[in-house]
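Reviewing the structure listed below.
Just so it is clear, the values below take in all heavy atoms, side chains as well, and ignore hydrogens, waters and symmetry mates.
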Amino acid sequence: MPELPEVETVVRGLAKHILGQKIKDVKILHPRSFVWDKSMGPTKPNITNLTVENISRRGKGIIINLSKDLSILIHLKMTGQLIYVEGKSRLNFGHPDSNFVSQMPSRHTRVIITLTKGILYFNDQRLFGWVKVISTQEIPNDKFIKNLGPEPFDTNFNLKYLWPILKRRAKSNIKSIIMDQSVVTGVGNIYADESLFLSGLKPTKAGVKLTQQQAADLIDNIQKVLTKGIKYMGTSISHYKTDQGSSGKMQNHLNVYGRKGLPCKNCGQPISKTKLNGRGTHYCHSCQS
DNA sequence: TGCCCCCTGCAG
DNA sequence: CTGCAGGGGGCA
């Protein structure tokens with residue numbers, strides 16, 4: 001899925017377009033994709049006529065606050081998309097981005113939320129993602145939200161915080177540590193590989209073996225790579241699209257991810273790809289140790 | 001704290 | 001046909 005930069009891009013786009021709009025209708029095309037918090041009782045909550053008051057992000061989760069103290073929590077997981085189409089048109093001709101998702105609903109549309117001025121489509125090929133209705137005050141107790149560590153740009157994601165974790169998780173490789181959402185939120189497979197490349201660290205390196213300087217640099221590089229990802233509106237390699245249905249541009253600026261066999265942009269040696277923690281893992285054999 | 005699993009679809 | 005895909009929950 002979308003990692004932090006992709007989710008942040010979607011959140012910023014939605015904030016620009018749907019704030020203040022009222023929900024006119026909700027259509028559920030696949031029951032797996034639409035759930036609600038157990039505190040809401042056994043029957044499907046009705047969110048029609050509620051107003052979109054705020055949109056934010058926590059880790060890779062999207063939080064849409066509605067009126068009447070209700071909220072929608074959304075996780076895109078691997079293949080989720082949230083696409084907003086202004087007006088009632090189903091087709092969008094002449095869009096400048098050739099990768100624009102031209103027809104909504106698509107084959108993988110799971111939930112359709114009709115708003116006052118447009119329609120919000122939740123698409124999800126693999127059905128791992130979800131749209132969850134929850135009372136706003138219950139959000140901190142949500143299973144997904146509760147487990148999240150600090151945001152990567154939060155000042156308390158610092159060496160003093162990370163160092164003891166590296167010491168404690170003595171057997172864990174550094175990639176699995178930075179991808180653990182309870183350690184720091186928002187880093188997924190692409191940006192983990194990219195930040196480890198910038199740090200000159202092999203993904204398999206034991207976290208406990210990092211020096212304090214390396215750990216501090218890693219924090220810095222995680223922030224740098226995520227900032228760059230946001231600047232380029234995310235990485236569109238397979239399913240990710242912005243809220244406007246266009247592709248991100250960060251795939252053109254990656255150093256290692258998806259570059260197996262291509263020359264390292266630093267030393268020219270071919271980029272290696274292996275499997276680590278069950279995930280495809282890219283690195284430069286010569287620049288990272 | 002690793003590993004299997006949830007799914008669909010596409011490349012090899 | 002098998003393996004793989006940007007996530008994370010539940011389970012030893």
Note to self: Within the 4.0 Å heavy-atom criterion, would you say A:Arg279 contacts the bases, only the backbone, or no part of the nucleic acid?
What the structure shows: base
Q) What does A:Arg107 touch in the nucleic acid at a heavy-atom separation under 4.0 angstrom: a base, only the sugar-phosphate, or nothing? A) sugar-phosphate
side-chain N/O A:His239 vs C:dA5 OP1/OP2, d < 4.0 Å
no
With a 4.0 Å cut-off on N to O distance, would you call A:Lys16 and A:Asp243 a salt bridge?
no
| said: Using atom C1' in both nucleotides, what's the gap between C:dC1 and B:dC6 to the nearest angstrom? | reply: 22 Å
Stems with DNA chain C, 3 or more Watson-Crick or G-U pairs in a row (under 3.5 Å), are B:1-6 with C:7-12, B:8-12 with C:1-5
A:Lys143 has its side chain closest, among C:dG7, C:dG10, C:dA5, to C:dG10
Atom CG of A:Leu127 and atom P of C:dG8 are separated, to the nearest Å, by 17 Å
Would you say A:Lys60 places a side-chain N or O within less than 4.0 Å of OP1 or OP2 belonging to C:dG8?
yes
Measure the distance between the ring centre of A:Phe128 and the centre of the six-membered base ring of C:dG7, then answer whether it is under 5.5 Å with planes under 30°. yes
A:Lys175 NZ to C:dG8 P, in whole Å, measures 13 Å
task: Give me the ring orientation class for A:Phe144 and A:His75: parallel if the planes are under 30° apart, tilted from 30 to 60°, perpendicular past 60°.
output: perpendicular
Check this for me: does any side-chain nitrogen of one of A:Asp180 and A:Arg169 sit under 4.0 Å from a carboxylate oxygen of the other? yes
**Sugar-phosphate, base or nothing in reach of A:Gly278, heavy atoms under 4.0 Å** = nothing
To the nearest angstrom, the CD-P distance between A:Glu3 and C:dA5 comes to 13 Å
Separation of C:dA5 atom C1' from A:Gln125 atom CD, nearest Å, is 9 Å
For A:Ser236, is there any backbone N or O sitting under 3.5 Å from a side-chain donor or acceptor partner on A:Gln251?
yes
Quiz item: Does A:Ser195 use its side chain to pair, donor to acceptor, with the backbone of A:Ile222 at less than 3.5 Å?
Solution: no
Rounded to whole Å, the NZ-P distance (A:Lys273 to C:dC4) equals 8 Å
Inset, instruction - Could you tell me whether the side chain of A:Asn277 and the main chain of A:Arg279 form a donor-acceptor pair under 3.5 Å? - result: no
- [ ] Mind checking A:Phe144 for me? I need base, sugar-phosphate or nothing, with any heavy atom below 4.0 Å counting as a touch.
- [x] sugar-phosphate
For residues 224-233 of chain A, dump all side-chain donor-acceptor pairs below 3.5 Å to protein atoms at least two apart in sequence or in another chain.
{"residue": "A:Lys224", "atom": "NZ", "partner": "A:Asp220", "partner atom": "OD2", "Å": "3.1"}
{"residue": "A:Thr227", "atom": "OG1", "partner": "A:Gln223", "partner atom": "O", "Å": "2.6"}

query: Between A:Glu138 and A:Ser135, is there a donor-acceptor pair closer than 3.5 Å when you use the side chain of the first and the backbone of the second?
result: no
A:Arg126 atom CZ is separated from C:dC4 atom C1', nearest whole Å, by 8 Å
Using a 4.0 Å heavy-atom cut-off across all strands, classify A:Ser172 as base, sugar-phosphate, or nothing.
sugar-phosphate
Donor-acceptor under 3.5 Å (A:Thr51 side chain, A:Ser67 main chain): no
Q. For atom P, what is the distance between B:dC7 and C:dC11, given to the nearest Å?
A. 15 Å
Rounded to whole Å, the CG-P distance (A:Asn277 to C:dG7) equals 12 Å
_Check this for me, if you would: do A:Asp193 and A:Lys175 make a salt bridge, where the nitrogen-to-carboxylate-oxygen distance has to be below 4.0 angstrom?_
yes
From CG of A:Asn147 across to C1' of C:dG9 the rounded distance in Å is 9 Å
Footprint ends on DNA chain B, 5' to 3', for atoms under 4.0 angstrom from a heavy atom of chain A, come out as B:dT1 to B:dC10
